[in-house]
Amino acid sequence: MDATAAALLLDHYDSARRDLPWRSDSPDPYRVWLSEVMLQQTTVATVTPRFLRFVERWPTVEALAAASDEEILGEWAGLGYYARARNLIACARKVAADGGFPVTEAGLRALPGLGAYTAAAVAAIAFGQPAVPIDTNVERVIARFYGLTERSAVPAAARAFFPGARNGDVAQALMDLGATLCRPRAPACPACPLWKHCQAAASGTPEAFPAPKVRKARPHRFGIAWWVRKDDHVWLVRRAQQGLLGGMAALPGPEWQDERPSANAIAIHRHGFTHFTLDLLVVPAAEPPDGEGWWQPLQGIADAGLPTLYARAIKAALTAEREPRLAA
DNA sequence: TAGACGTGGGT
DNA sequence: TACCCAAGTCT
């Protein structure tokens with residue numbers, strides 16, 4: 001039905017597409033998969049340098065599969081949503097053991113960390129399959145193009161929009177459009193190749209499509225991180241594999257709680273997570289707590305593979321030690 | 001199925 | 001400061 005719109009979109013894409021390091025006329029499935037997993041809920045600007053470091057260190061899925069958990073989690077540190085890294089490891093090892101990536105959408109969907117979107121994206125982009133990847137950009141552009149307020153109506157509309165041939169390019173073109181012109185707020189309609197065919201633009205209030213999602217308020221929580229120094233080292237532990245920051249290096253400490261604890265902190269780091277904010281109190285202790293851990297040299301601690309929460313808390317503690325008057 | 005799950009940049 | 005948003009997945 002919308003061969004015209006898809007053709008206009010592809011013409012625009014062929015002349016104006018962004019040059020991103022995982023894009024190629026002959027895509028490497030490993031690079032497509034790695035980039036798609038990194039891009040889940042993460043911006044192109046954040047992913048680009050991290051992607052380049054990953055593929056330089058591990059140029060193939062076999063090389064990645066042969067790396068240790070600690071190496072990969074350390075390279076992922078700071079990217080967030082660490083379940084992605086744990087699934088990345090499991091997926092790489094399965095693909096390497098199987099001798100390559102599955103070619104079909106269903107086969108890809110069965111791999112760890114590949115949901116409906118990523119399986120369709122890899123199938124379409126890397127293998128030229130007629131899959132229809134629907135991410136937040138595609139959802140927004142399609143909803144606006146057809147004047148849909150209900151997000152539940154988008155998948156059927158998207159299947160009508162996608163031509164079947166060049167679905168990977170159509171998807172990337174829609175994502176580029178969503179990121180640069182058809183933005184959530186203040187869309188740049190006059191510059192859009194679909195402007196004259198777009199229902200939302202014709203309505204005069206394109207931002208009203210699709211209807212906004214309802215959001216809940218974030219609670220506030222508190223935590224204690226023990227600050228145990230010896231010479232120029234600090235005691236670190238590895239967090240449990242499941243749950244928040246699962247498998248990542250961390251300062252030791254008890255479970256976080258809803259009430260503010262009374263403790264003699266040398267620094268307090270406030271950190272925002274998706275579903276709550278945290279005040280992490282950094283509290284000096286003389287000896288490491290019971291359990292596994294190691295002495296991490298403070299030299300180059302910023303590159304030690306810590307998630308941002310702990311990298312920032314340690315930085316605040318070191319600053320407080322240097323300038324006690326500034327401590328919270 | 002709704003909540004858990006990170007972080008950085010824009011406004 | 002605070003909220004929005006980002007190439008989602010898993011349970």
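Note: hydrogens, waters and symmetry copies are ignored here, and every other heavy atom, side chains too, is used.
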Checklist entry - Roughly how far apart, to the nearest Å, are B:dG3 and C:dC4 at atom P? => result 16 Å
Checklist entry - Phosphate oxygens OP1/OP2 of C:dC5: is one of them under 4.0 Å from a side-chain N or O of A:Thr43? => result no
Next on the checklist: Which label fits A:Trp33 and A:Phe101: parallel for a plane angle under 30°, tilted from 30 to 60°, or perpendicular past 60°?
Outcome noted: tilted
Checklist outcome for this item: The reported gap from CG in A:Leu73 to CG in A:Leu306 (rounded to nearest 0.5 angstrom) is 12.0 Å
Item to check | d(CE, A:Met248; P, B:dT7) in whole Å | outcome: 8 Å
Item to check | Minimum heavy-atom distance A:Ala286-A:Val228, with the two atoms named | outcome: O-CG1, 3.9 Å
Checklist entry - Going by number, which of residues 76-87 of chain A have a non-hydrogen atom under 4.0 Å from DNA chain B? => result A:Gly78, A:Leu79, A:Gly80, A:Tyr81, A:Tyr82
Checklist entry - Are the charged groups of A:Arg53 and A:Glu75 less than 4.0 angstrom apart, N to O? => result yes
Checklist entry - A:His269 vs A:His271 aromatic rings, parallel, tilted or perpendicular, using cut-offs 30° and 60°? => result tilted
Checklist entry - Given the rule in the side-chain hydrogen bond (donor to acceptor under 3.5 Å, both in side chains) test, do A:Glu36 and A:Tyr117 qualify, once you have shown the distances and angles that lead to the verdict? => result CA-CA 9 Å; A:Glu36 288 296 342; A:Tyr117 164 74; 2.8 Å; yes
Checklist entry - Is A:Leu20 touching bases, backbone alone, or none of the nucleic acid, heavy atoms closer than 4.0 Å? => result base
Item to check | salt bridge (Lys or Arg N to Asp or Glu O under 4.0 Å) partners for A:Arg270, two or more places apart | outcome: A:Asp279
Checklist outcome for this item: Per atom distances to the A:Pro307 side chain, the nearest of C:dA7, B:dG8, B:dT7 is B:dT7
Next on the checklist: So that I know where these two stand, are A:Phe54 and A:Phe51 an aromatic pair - ring centroids less than 6.0 Å apart?
Outcome noted: no
Checklist entry - Near DNA chain C, which residues from residues 105-116 of chain A have a heavy atom under 4.0 Å away? => result A:Arg109, A:Pro112, A:Gly113, A:Leu114, A:Gly115, A:Ala116
Checklist entry - Hey, can you pull the residues of residues 175-195 of chain A with a non-hydrogen atom under 4.0 angstrom from DNA chain C? => result A:Met175, A:Pro184
Checklist entry - Does the B:dG6 base have a donor-acceptor partner in the side chain of A:Thr274 within less than 3.5 Å? => result yes
Checklist entry - Can you tell me how far P of C:dA7 sits from CG of A:Asp169, to the nearest Å? => result 18 Å
Checklist entry - How far apart are the C-alpha atoms of A:Glu321 and A:Trp227, what are their side-chain angles, what is the distance that settles it, and do they pass the side-chain hydrogen bond (donor to acceptor under 3.5 Å, both in side chains) test? => result CA-CA 11 Å; A:Glu321 284 188 335; A:Trp227 181 243; 2.8 Å; yes
Checklist outcome for this item: Of B:dT7, B:dC5, C:dG8, the nucleotide closest to the side chain of A:His271 is B:dT7
Checklist entry - Applying side chain to side chain donor-acceptor pair (under 3.5 Å), which residue pairs with at least one partner in residues 246-264 of chain A are found, sequence neighbours left out? => result A:Arg221-A:Asp258
Item to check | A:Arg50 CZ to C:dA6 C1', straight-line distance once rounded to whole Å | outcome: 16 Å
Checklist entry - Roughly how many Å is it from CZ in A:Arg270 to P in C:dC3, rounded to a whole number? => result 12 Å
Checklist entry - Side chain of A:Tyr117: nearest nucleotide among C:dG8, C:dC5, B:dC5? => result C:dG8
Checklist entry - Distance check: side-chain N/O of A:His275 vs OP1/OP2 of B:dA4, anything under 4.0 Å? => result no
Next on the checklist: Categorize A:Arg218 for me: base, sugar-phosphate, or nothing, with a 4.0 angstrom heavy-atom threshold over every strand shown.
Outcome noted: nothing
Item to check | Interatomic distance, A:Leu244 CG vs B:dG3 C1' [rounded to whole Å] | outcome: 13 Å
Next on the checklist: Work out how far the P atom of C:dT9 is from that of B:dG8, and round it to whole angstrom.
Outcome noted: 22 Å
Checklist entry - Do we see a donor-acceptor contact under 3.5 Å between the side chains of A:Arg140 and A:Asn137? => result yes
Checklist outcome for this item: So, with a heavy-atom separation below 4.0 Å from DNA chain C, the residues of residues 27-42 of chain A are A:Glu36, A:Leu39, A:Gln40, A:Gln41
Checklist outcome for this item: One should read off an interatomic distance between A:Arg31 CZ and A:Ile125 CD1, to the nearest 0.5 angstrom, of 13.5 Å
Next on the checklist: If I take atom CD1 in residue A:Ile125 and atom P in nucleotide C:dA7, what distance separates them, rounded to the nearest angstrom?
Outcome noted: 13 Å
Checklist entry - Is it true that A:Leu181 and A:Phe209 fall in one hydrophobic cluster, defined by side-chain heavy atoms closer than 4.5 Å? => result no
Next on the checklist: Using heavy-atom distances to pick each residue's nearest nucleotide on DNA chain B, tell me which of A:Leu245 and A:Ala45 is more 5'.
Outcome noted: A:Leu245
Next on the checklist: Measure CG/A:Leu280 against C1'/B:dG6 and give the value in whole Å, please.
Outcome noted: 15 Å
Next on the checklist: Pair A:Arg17, A:Gln172 - check side chain to side chain contact (heavy atoms under 4.5 Å, CB included), show working.
Outcome noted: CA-CA 9 Å; A:Arg17 76 167 131 175; A:Gln172 293 178 92; 6.0 Å; no
Checklist entry - What is the distance from CZ of A:Phe273 to P of B:dA4, rounded to the nearest Å? => result 13 Å
Item to check | Rounded P spacing from C:dA7 to B:dC5 in Å | outcome: 23 Å
Item to check | Short side-chain N/O contact to B:dT7 OP1/OP2 from A:Thr46, under 4.0 Å | outcome: no
Next on the checklist: Please determine whether side-chain hydrogen bond (donor to acceptor under 3.5 Å, both in side chains) holds for the pair A:Arg166 and A:Tyr13, giving the CA-CA distance in whole Å, both sets of side-chain angles, and the decisive distance to 0.1 Å.
Outcome noted: CA-CA 12 Å; A:Arg166 290 191 69 183; A:Tyr13 181 66; over 6 Å; no
